[in-house]
Amino acid sequence: MRFDDLATALGATISDPGRIELLEAEGVPALADWLAGQTSVGASIVFDDPRPRRGTAQAFAIAGADGRVVAGMGETAADALRREVEGRGLQLVAHEAKPILVARFAAEPDAAATKVEFDTQIAAYILNAALRSQSIADVVAERLDLVLPPPKELEPVHRAGLEALSALAVRDPLARALQEEGLERLFREIELPLIPVLARMESTGIAVDLDALAVLDREFGAEISRLEDEIYGAVGHQFTIGSPKQLGDILFEELRLPKGRRTKTGYSTDAAVLEELVGVHPVIQPVLDWRIYTKLRSTYVETLPSLIAEDGRLHTTFHQAVASTGRLSSSDPNLQNIPIRTPLGRRIRSTFVAGSPETVLVAADYSQIELRIIAHVSGDEHLKEAFAKQADIHRETAARVLHKPPGEITADERSMAKMVNFGLAYGMSDFGLSSRAGISRQEAQEFINSYFAAYSGISYYMLHIKETARRQGHVTTLLGRKRSIPELHAANAALRGAGERMAINMPIQGTAADIQKIAMIRVADRLAADGFGARLLLSVHDELLLEVPREEVDRLIPVLRETMEGALPLDVPLTVDVKAGTDWESMTPVSRRDAILAEADEAPVDALAG
DNA sequence: ACGATCACGCACGTC
DNA sequence: GACGTACGTGATCGTA
């Protein structure tokens with residue numbers, strides 16, 4: 001059975017999944033002649049649970065250039081077929097290759113990564129990052145005009161077989177599209193090499209202190225009970241505190257408190273609204289506190305222990321084809337939103353620990369990377385100068401905007417400048433700044449006006465990027481990553497405004513993501529090339545977290561710093577702040593320079609004092 | 001009529 | 001601006 005092309009073979013297999021050859025482990029050696037004739041194969045693995053180090057493989061399938069598809073059924077056969085492919089040094093073409101690599105690392109922690117020749121999910125993402133999901137069915141429909149059956153309706157072997165063949169069949173159309181759009185290098189030099197790095201990180205996982213979490217669970221539980229009594233006492237009866245509907249009715253009807261914003265469905269009861277009512281009624285503060293404790297308990301304290309794998313570690317899944325700006329995301333659990341802002345939240349962070357007494361955690365984060373990118377892409381001389389002389393950037397901003405010497409800037413003035421600097425990358429509106437800074441929209445607008453007058457290069461850039469985005473229909477990062485923004489032509493003014501903010505934000509956030517990805521690839525390379533035992537654990541947008549044998553720390557830190565700082569030369573220096581510690585909360589700077597960076601780079605405070 | 005499941009809105013954790 | 005998660009709610013589905 002031979003086909004003119006892979007699309008025809010796929011069509012035939014959709015009509016008759018029975019043409020997928022099912023294999024037991026003993027049948028694998030018989031594939032020798034066929035496999036010897038292949039250099040790369042379409043591949044797909046299907047798990048009963050997709051989370052790394054949790055599920056087991058139910059099926060692994062490969063497809064050849066001749067349209068032949070074979071599938072190993074059950075864990076033993078799936079593993080045997082996967083090992084055969086790996087052992088022969090065949091390259092993978094897959095729609096999401098990462099889980100195949102994770103399966104290998106789980107079985108052989110020190111194995112080299114199987115070469116990924118093409119990942120159709122990531123190609124589809126690079127071509128259109130605006131889509132939230134990049135399913136193989138969508139790609140097959142778009143590129144081949146064929147309809148894949150819903151995965152849930154298929155036996156695991158048939159699903160794996162169809163996916164393996166689909167990946168191979170859409171490879172060439174996607175490769176041509178990447179070429180036409182000028183996205184080949186981004187794909188080949190950044191996204192593909194990142195896959196094994198992420199696979200290794202997922203497979204490694206991070207250690208958490210279960211006993212410490214159990215202590216927090218008891219403490220938080222006691223505090224929540226106490227707050228519930230206080231809330232019911234203040235209102236006079238019980239209700240479901242976690243229901244925004246019930247809470248809104250009680251606050252604004254029953255207790256006749258002054259109404260704040262409205263939502264689509266009723267009264268808003270978010271923290272900003274409740275903060276306004278704190279002195280007005282005794283129920284407000286305990287409700288705010290209850291929200292904080294229950295949020296932390298249900299999202300982290302109770303959930304994290306249930307996600308710990310058999311090796312005693314937490315294995316997140318990184319998503320490389322989700323965020324529209326090019327960032328990574330993380331789920332099950334999301335380890336990119338572990339609390340850090342408040343003392344209570346930091347107690348959760350402190351339960352993330354080095355995995356053994358012989359190791360420590362090392363965190364390296366880019367200092368002010370987005371503002372530095374703004375300085376680079378806008379070419380603003382004043383901002384570039386401030387970074388060149390390594391000034392306190394927020395103080396410098398306040399001084400320039402308010403026409404005062406840096407020495408005369410008050411804490412509030414610096415804090416305001418800090419919020420504007422953070423908001424800048426978001427395409428900040430007067431509305432956004434006023435709600436964050438706790439000032440009126442007019443005051444916010446005045447500060448923004450003064451800001452853009454003081455930094456005319458940035459002002460010009462913001463206008464320019466919006467105009468370019470409208471004209472081209474898309475924006476790009478420094479490395480050519482694209483995001484189309486159809487909202488810019490919306491009739492609705494609010495939607496158009498949102499589109500403009502996306503147009504401003506994506507090149508900045510996306511370029512930071514490009515830089516972080518290059519850094520990850522190069523750091524991983526150096527760890528291997530220089531024989532470090534250190535392992536990458538997490539990427540949190542502008543931070544890398546590693547687990548490092550104590551005796552390697554001094555040798556590793558300059559390597560880490562230089563690799564990250566040199567990832568992409570800009571018109572301003574990139575600087576990296578390195579800290580080390582036995583847990584993720586009490587990390588201490590490794591040099592005096594790191595101490596200064598760490599202090600200057602804290603996230604902005606919620607509200608201005610006074 | 002009832003429980004399970006889903007989609008949705010809201011709220012909030014991070015960068 | 002970009003994400004992911006938990007919860008409550010109301011609609012829908014399936015079973016009895």
Side-chain angles (χ1 to χ4, degrees), chain A residues 129-130 132 239-249 261-274 287-288 290-304 306-307 316-342 344-346 348-349 363 365-371 373-374 422-429 431-433 436 462 465 475 477 483 485 487 497-513 516 538-545 584 601-604 606:
Chain A
R132 289 268 328 165
F239 64 102
T240 306
I241 306 168
S243 161
K245 184 164 146 34
Q246 290 186 38
L247 182 64
D249 286 347
R261 290 184 304 107
R262 286 194 57 85
T263 64
K264 279 180 223 173
T265 53
Y267 309 108
S268 169
T269 66
D270 69 16
V273 169
L274 297 190
V287 167
L288 282 166
W290 183 91
R291 284 241 180 101
I292 291 166
Y293 278 99
T294 54
K295 175 78 176 179
L296 294 176
R297 184 174 65 163
S298 66
T299 307
Y300 306 104
V301 176
E302 291 180 337
T303 311
L304 294 178
S306 73
L307 294 170
T316 188
T317 300
F318 288 106
H319 302 279
Q320 202 182 344
V322 168
S324 55
T325 55
R327 271 189 178 178
L328 300 171
S329 74
S330 155
S331 73
D332 306 295
N334 180 359
L335 295 184
Q336 292 180 327
N337 75 341
I338 299 305
I340 189 171
R341 238 175 58 254
T342 65
L344 206 56
R346 274 188 220 116
I348 290 166
R349 180 165 284 237
D365 65 271
Y366 283 108
S367 169
Q368 294 290 353
I369 189 167
E370 295 197 345
L371 207 49
I373 291 165
I374 292 172
F422 272 81
L424 202 60
Y426 303 161
M428 178 181 48
S429 60
F431 181 80
L433 180 62
R436 275 166 201 266
M462 298 295 175
I465 190 76
V475 286
T477 66
R483 173 184 180 174
I485 306 183
E487 289 90 341
E500 291 181 349
R501 289 191 287 279
M502 294 175 206
I504 290 171
N505 174 248
M506 187 276 176
I508 300 163
Q509 193 182 109
T511 299
Q516 172 84 348
L538 297 179
S539 162
V540 190
H541 308 310
D542 64 357
E543 169 183 7
L544 285 178
L545 187 70
W584 201 9
D601 246 16
E602 282 164 15
D606 280 348

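Values in this document were obtained by computation on a predicted structure and should not be read as measured data. Every chain is numbered from 1, with letters handed out A, B, ... down the list of sequences. Atoms considered below: every heavy atom in the structure, side chains included; atoms not considered: hydrogens, waters and symmetry mates.
Computed from coordinates, the A:L538 CG to B:dG13 C1' distance equals 15 Å when rounded to whole Å. Rounded to an integer number of Å, the gap from CE of A:M506 to C1' of B:dC15 is 16 Å. As a whole-Å value, the separation of A:Q509 CD from B:dC15 P is 13 Å. One atom, CD1 of A:I292, and another, P of B:dC12, lie 9 Å apart when rounded to the nearest Å. A straight line from OH of A:Y293 to C1' of B:dA11 spans 19 Å, rounded to a whole angstrom. At whole-Å resolution of the value, CZ in A:R297 and P in B:dC12 are 17 Å apart. Note: CG (A:D270) to P (B:dG9) measures 17 Å, nearest angstrom. One atom, CZ of A:R262, and another, P of B:dA11, lie 12 Å apart when rounded to the nearest Å.
A:I508 comes within contact range of no nucleotide atom at all, as no heavy-atom separation falls under 4.0 Å. As judged by a 4.0 angstrom heavy-atom cut-off over every strand, A:R261 is placed among residues making no nucleic acid contact. Contact annotation for A:A271: backbone-only contact, meaning every heavy-atom pair under 4.0 Å involves sugar-phosphate atoms and none involves a base. Counting non-hydrogen atoms under 4.0 angstrom, A:T303 reaches the backbone sugars and phosphates but no base. Nucleic acid contact for A:I504: none, since no nucleic acid atom lies under 4.0 Å from a heavy atom of the residue. Residue-level contact check: A:E370 touches neither bases nor backbone, having no heavy atom under 4.0 Å from any strand. As judged by a 4.0 angstrom heavy-atom cut-off over every strand, A:K295 is placed among the base-contacting residues. Residue A:R327 is in base contact, counting any heavy-atom pair closer than 4.0 Å across all strands shown.
Side-chain contact annotation: A:T316 with A:S330, donor-acceptor N/O pair under 3.5 Å present.
A cation-pi arrangement is present between A:R262 and A:Y267, with the terminal nitrogen or guanidinium carbon under 6.0 Å from the aromatic centre and inside a 45° cone about the axis.
Distance check: A:S329 OG to A:H541 NE2 gives 8.0 Å after rounding to the nearest 0.5 Å. Put simply, OG1 on A:T269 and CG on A:L247 are 5.0 Å apart, with the number rounded to the nearest 0.5 Å. Taking CG from A:D365 and CG from A:D542, the interatomic distance works out to 5.5 Å, rounded to the nearest 0.5 Å. The CD1 atom of A:I338 sits 11.0 Å away from atom CG of A:L545, with the distance rounded to the nearest 0.5 Å.
Checked for salt-bridge contact, A:R327 and A:E370 meet the test: a charged N lies under 4.0 Å from a carboxylate O.
In this structure, A:F318 has no ring-ring contact (aromatic ring centres under 6.0 Å, His included) partners at least two apart in sequence or on a different chain.
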Original post:
Going through the distances and angles, do A:H319 and A:S331 end up as a side-chain contact (heavy atoms from CB on, under 4.5 Å)?
Top reply: CA-CA 8 Å; A:H319 302 279; A:S331 73; 2.7 Å; yes
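For A:T269 and B:dA11, the shortest distance from a side-chain N or O to OP1 or OP2 is below 4.0 Å.
Think of the region where chain A sits on DNA chain C: with heavy atoms and a 4.0 Å cut, that region ends 5' and 3' at C:dG1 to C:dG10.
The heavy-atom pair separating A:L328 from A:Q336 by the smallest distance is O-OE1, 3.5 Å.
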Original post:
Could you write out DNA chain C as a dot-bracket string, with dots for unpaired bases, | for bases paired across to another strand, and Watson-Crick or G-U pairs counted at under 3.5 Å?
Top reply: |||||.|||||||||.
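In this structure, of B:dC12, B:dG9, B:dT14, it is B:dT14 that holds the atom nearest to the side chain of A:N337.
Of the two residues contacting DNA chain C, namely A:E302 and A:H541, the nearest-nucleotide position lying further toward the 5' end is that of A:H541.
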